[in-house]
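Chain letters run A, B, ... following the sequence lines, proteins first and then strands; every chain starts at 1. Model, not experiment: these values are computed from the prediction.
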Protein chains: 2
Amino acid sequence: MKRPSIGDVARHAGVSTATVSRALNMPASVTEKTRMRVEEAVEALHYVQSETARNFKMQRAHSVLVVAHDIGNIYYSELFRGVQRRAEASNYAITITNPSPGGTKELIFNQLRTAKVDGVIVLSGYEMSDDDYDLLEKLYSGHPPIVAMCEERGHVRVPQILIDNEHAGYLAGRHLIEMGHRKIAHAYGPHRMPVRRARANGFRRAMAEAGLTVREEYFLEGGFSSPGGRAAAQSYLSLKDRPTAVFCGNDESAMGFMSQLSKYGVSVPEDVSVVGFDDIVLADCYIPALTTLHQPKEEMGRQAMSLLLGLIESPADVQQTIVELPVHLIPRDSVKRLK
Amino acid sequence: MKRPSIGDVARHAGVSTATVSRALNMPASVTEKTRMRVEEAVEALHYVQSETARNFKMQRAHSVLVVAHDIGNIYYSELFRGVQRRAEASNYAITITNPSPGGTKELIFNQLRTAKVDGVIVLSGYEMSDDDYDLLEKLYSGHPPIVAMCEERGHVRVPQILIDNEHAGYLAGRHLIEMGHRKIAHAYGPHRMPVRRARANGFRRAMAEAGLTVREEYFLEGGFSSPGGRAAAQSYLSLKDRPTAVFCGNDESAMGFMSQLSKYGVSVPEDVSVVGFDDIVLADCYIPALTTLHQPKEEMGRQAMSLLLGLIESPADVQQTIVELPVHLIPRDSVKRLK
DNA sequence: ATCTCTTGTAAAAAGGATTTCAAAACTGGG
DNA sequence: CCCAGTTTTGAAATCCTTTTTACAAGAGAT
């Protein structure tokens, strides 16, 4: 007993395979009576179309690749949810992959060229050069459907969904200034991430606007992970003149930062105020609840998938290839008003 | 300019398509010279095999489905990492899906029967009855390759990767008792999850072993999310005789619980001790660092994928269909020693 | 020199659904 | 009842690779 094929259904219903196919895919193009007969046969045989055969014929994988450096990451997993929901709505599957370091490029090349996926969404850390992209365009004969997320505007040559990191950094700085802080540090994200620079620039702009200078030793090397935050905390503790507030690169590192400080009896927000970035799911459960910049993560995922589907299905119709979503600051309890 | 096919390569190399296929898939069955010629042609034409054509012919999707209720969940995302790593090693892709509530069954049926995936990994919340399973077995003609994770032993009819939730619950209870606690509450997970009962049973056993009775009002309805933890906190606060310790269903709810308590000036571990479950990535960054039961999440994912690959590729060789991984308690700072 | 064995080549089948093209079956008007 | 025009249907081609079969040529053994 094997899977029934379209031929079995056709035989059972006493029609041709073409008619079965039409009855299933374009019911309107077939008489009521024929449709009924086909449906009965489908029912009787427990027939379902084979996706692989269909994909083969249609030259579509009905699947897109999502490339992320760490699929276990909290921040990313919220993005995935948005991507997944939008994909599902259009009957696409998503394949989520962690490329081996430095292998992103090969992975994308390979998956797109073997027709394993119809398009790619790349999350922060796009490693393709313009030359690579030219080659891919040539091999792909046209614009390969790739969408980037969480990159900096202009940093990659593909359509992208992003937020205004510079503005977000500015908001963080301004908020701390408004709360009366003057000595403010910034715990940096990792070097390879271009968003890091944009956030820092915005922060600097807010400081400059308030006539404040940012001391060089107040830029703490941190990374985007909790160990990174702990490292930044160590740097913080070793400062002679400690800042009264710190703007951390993201929420995870902010939590590592605060956790490490607590081991040395330094508490937030009493001794130092902290602002995070991302608004990950547990940010409001931290003690103190973390003041942070909210990114519409699920929406970003959804929009990335929408854009990608547009590129796949009707590239000519895609007008807007850069979509910027709003960020806003959510005041919670990790920032203290001074005086 | 379109994708080159195997025929183009054959023509370019002056051999037949069969030879090209052999040169690529079984290099040993072809002379060195022929292989070189084929490789040159492949190089020159930038040829890559089409995955869809290959899958079609081979009747394999080289892809497995991972079904989870919430792909954005922190706990799951760590499991995904393990699954993904193991899958990648065998050149399989994973598709992660959030089924619509109640739709898990249809989803699995559909995806397996359309041959879209070669197997399925289901995370906690398997909704198939024995009848459904019989039907699937009949339609699939054999044992459909399905592996469950995070279920209770014996609760589902498929091979599974699990932990001993009863023992884990026992460990949590015993630890709190050893730390001098007598009045201990338990914040429950959601009703639909069978693991909830096992954890509670283990906890009860530890209490009974110490000659302690568990008051009924000390079982707090909680859920597995941070809002659930907040709700449990409200129940806790309303108790006349408050317990000195609470064993929470998982880390997320524990964080919601502690966060909510802090709003009412109740602090952990001074006023109440807390034990979580899962050891999610930020558990050690919480203030206080959370004492919890560590699940080897990535390893569980890896093993689930290994088991599934076995079921797909050589079902006859699969001996052990239930794999139990060890859990252990990690003491941190959220439990205070009494007197 | 004949026979067997190896190795590569050519040709064709298989896999399941879609699509094209032409034939058949209808429709309505005269 | 016939014809032109329209709708519905069926046979066959197509998508591309892998596998199978049949065969030819060359190598080695008797």
Side-chain angles (χ1 to χ4, degrees), chain A residues 1-39 41-42 45-63 91 110 112-116 118 141, chain B residues 1-39 41-42 45-62 91 110-118 139 141:
Chain A
M1 170 165 175
K2 55 183 265 299
R3 284 176 59 94
S5 75
I6 197 172
D8 300 325
V9 177
R11 211 166 312 118
H12 193 279
V15 298
S16 72
T17 59
T19 303
V20 175
S21 175
R22 276 189 294 242
L24 297 175
N25 301 326
M26 321 148 60
S29 73
V30 128
T31 44
E32 180 66 13
K33 216 178 60 190
T34 319
R35 222 199 62 234
M36 296 289 282
R37 276 234 303 282
V38 170
E39 271 175 16
V42 165
L45 273 57
H46 292 286
Y47 169 76
V48 274
Q49 290 172 301
S50 156
E51 273 281 326
T52 42
R54 189 159 214 236
N55 288 343
F56 174 49
K57 172 64 186 172
M58 309 292 278
Q59 304 287 74
R60 266 290 145 79
H62 281 283
S63 164
N91 235 314
N110 186 43
L112 271 179
R113 304 215 53 240
T114 57
K116 201 166 183 172
D118 302 322
S141 58
Chain B
M1 170 165 176
K2 55 183 265 302
R3 285 176 58 93
S5 79
I6 197 172
D8 299 326
V9 177
R11 210 167 312 118
H12 193 278
V15 298
S16 72
T17 58
T19 303
V20 174
S21 176
R22 275 194 295 242
L24 297 175
N25 301 327
M26 322 148 59
S29 73
V30 125
T31 48
E32 180 67 12
K33 214 178 62 191
T34 317
R35 222 200 62 235
M36 294 290 281
R37 274 235 303 283
V38 171
E39 273 174 17
V42 165
L45 273 58
H46 293 286
Y47 169 76
V48 275
Q49 290 174 299
S50 155
E51 274 281 327
T52 42
R54 189 159 211 239
N55 288 343
F56 175 45
K57 172 63 186 168
M58 308 291 275
Q59 303 288 75
R60 266 291 145 77
H62 281 283
N91 235 314
N110 186 42
Q111 298 264 323
L112 271 179
R113 304 214 54 241
T114 56
K116 200 166 183 172
V117 298
D118 301 321
L139 295 177
S141 57

For the base of C:dG15 and the side-chain ring of A:Phe56, does the geometry meet a stacking cutoff of under 5.5 Å between centres and under 30° between planes? no
DNA chain C contacts among residues 13-25 of chain B, heavy-atom distance under 4.0 Å: B:Val15, B:Ser16, B:Ala18, B:Thr19, B:Arg22
With a 4.0 Å cut-off (strictly under) to non-hydrogen atoms of chain A, the first and last hit nts on DNA chain D, 5' to 3', are D:dT8 to D:dC16
Inter-residue atom distance B:Gln59.CD - A:Ser50.OG, 0.5 Å rounding: 7.0 Å
If you round to the nearest 0.5 Å, how far is CZ of B:Arg37 from OG1 of B:Thr31? 8.5 Å
Residues 12-25 of chain B vs salt bridge (Lys or Arg N to Asp or Glu O under 4.0 Å), sequence neighbours excluded, gives none
Once side chain to side chain donor-acceptor pair (under 3.5 Å) is applied, do any residues pair with [X], and if so which ones, sequence neighbours excluded?
X	result
A:Thr17	none
B:Ser29	none
A:Thr19	A:Ser16
A:Gln49	A:Asn25

From [atom1] of [X] over to [atom2] of [N], roughly how many Å is that when rounded to an integer?
X	N	atom1	atom2	answer
A:Arg60	C:dT18	CZ	P	15 Å
B:Glu32	C:dG8	CD	P	11 Å
A:Ile6	C:dT19	CD1	P	11 Å
A:Gln59	C:dA17	CD	P	16 Å

Do A:Val30 and A:Val38 have side chains that get closer than 4.5 Å, going by heavy atoms? no
Residues of residues 47-55 of chain A with any non-hydrogen atom less than 4.0 angstrom from an atom of DNA chain D: list those, numerically ordered, please. none
Is it the case that the side chain of B:Asp118 and the backbone of B:Arg60 share a donor-acceptor pair, with hydrogens and angles ignored and the cut-off at 3.5 Å? no
Looking at A:Arg54 and B:Thr114, would you say the former's side chain and the latter's main chain have a donor-acceptor pair under 3.5 Å? no
Not counting sequence neighbours, which residues clear salt bridge (charged side-chain N to carboxylate O under 4.0 Å, His left out) with A:Arg35? List them please. A:Glu32, A:Glu39
With sequence neighbours left out, the residues meeting salt bridge (charged side-chain N to carboxylate O under 4.0 Å, His left out) with A:Arg11 are A:Asp8
Residues in ring-ring contact (aromatic ring centres under 6.0 Å, His included) contact with A:His62, at least two apart in sequence or another chain: A:Tyr92
When the axes are fitted on five pairs at both termini, how much does the helix from C:dA1-D:dT30 to C:dG30-D:dC1 curve, in 10° steps? 50°
